[in-house]
Novice: 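Pasting a structure here, questions to come.
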Amino acid sequence: MKYIVALQNKAALLKAKAISTLSKKEGQNTVEYVLMLVVVVGVALLAGGLIKQFMPELFDNVKSKILGNLNSSN
């Protein structure tokens, strides 16, 4: 009987620990959100700058391929 009571007490203690651990949720604060926003905006600006360098060449290539195919089909 002692062992059953001891197991029940241990189970109750583990349950209480698990509930307290799950209920202690420390959320992200404003500084972390601002840092994430800075990283995302930085990556977007960097990608935009790199794409902007290749855009005129890309559009010229697409235009020449379209016009080349139109001229070759006539």
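Values below: all heavy atoms of this structure, side chains included; hydrogens, waters and symmetry mates excluded.
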Novice: Rounded to the nearest 0.5 Å, what's the gap from CG on L50 to CG on L45? Could you check?
Specialist: 11.0 Å

Novice: Can you hop from Y33 to V38 via hydrophobic side chains spaced under 4.5 Å?
Specialist: no

Novice: I need the T30 OG1 to L37 CG distance, nearest 0.5 Å.
Specialist: 12.0 Å

Novice: With rounding to the nearest 0.5 Å, note down the distance linking CD1 in I4 to CG in N9.
Specialist: 12.0 Å

Novice: Ignoring hydrogens and angles, tell me if any N or O in the side chain of N29 forms a donor-acceptor pair with the backbone of E32 under 3.5 Å.
Specialist: yes

Novice: In this structure, would V34 and M36 fall into the same cluster of hydrophobic residues linked by side-chain contacts under 4.5 Å?
Specialist: no

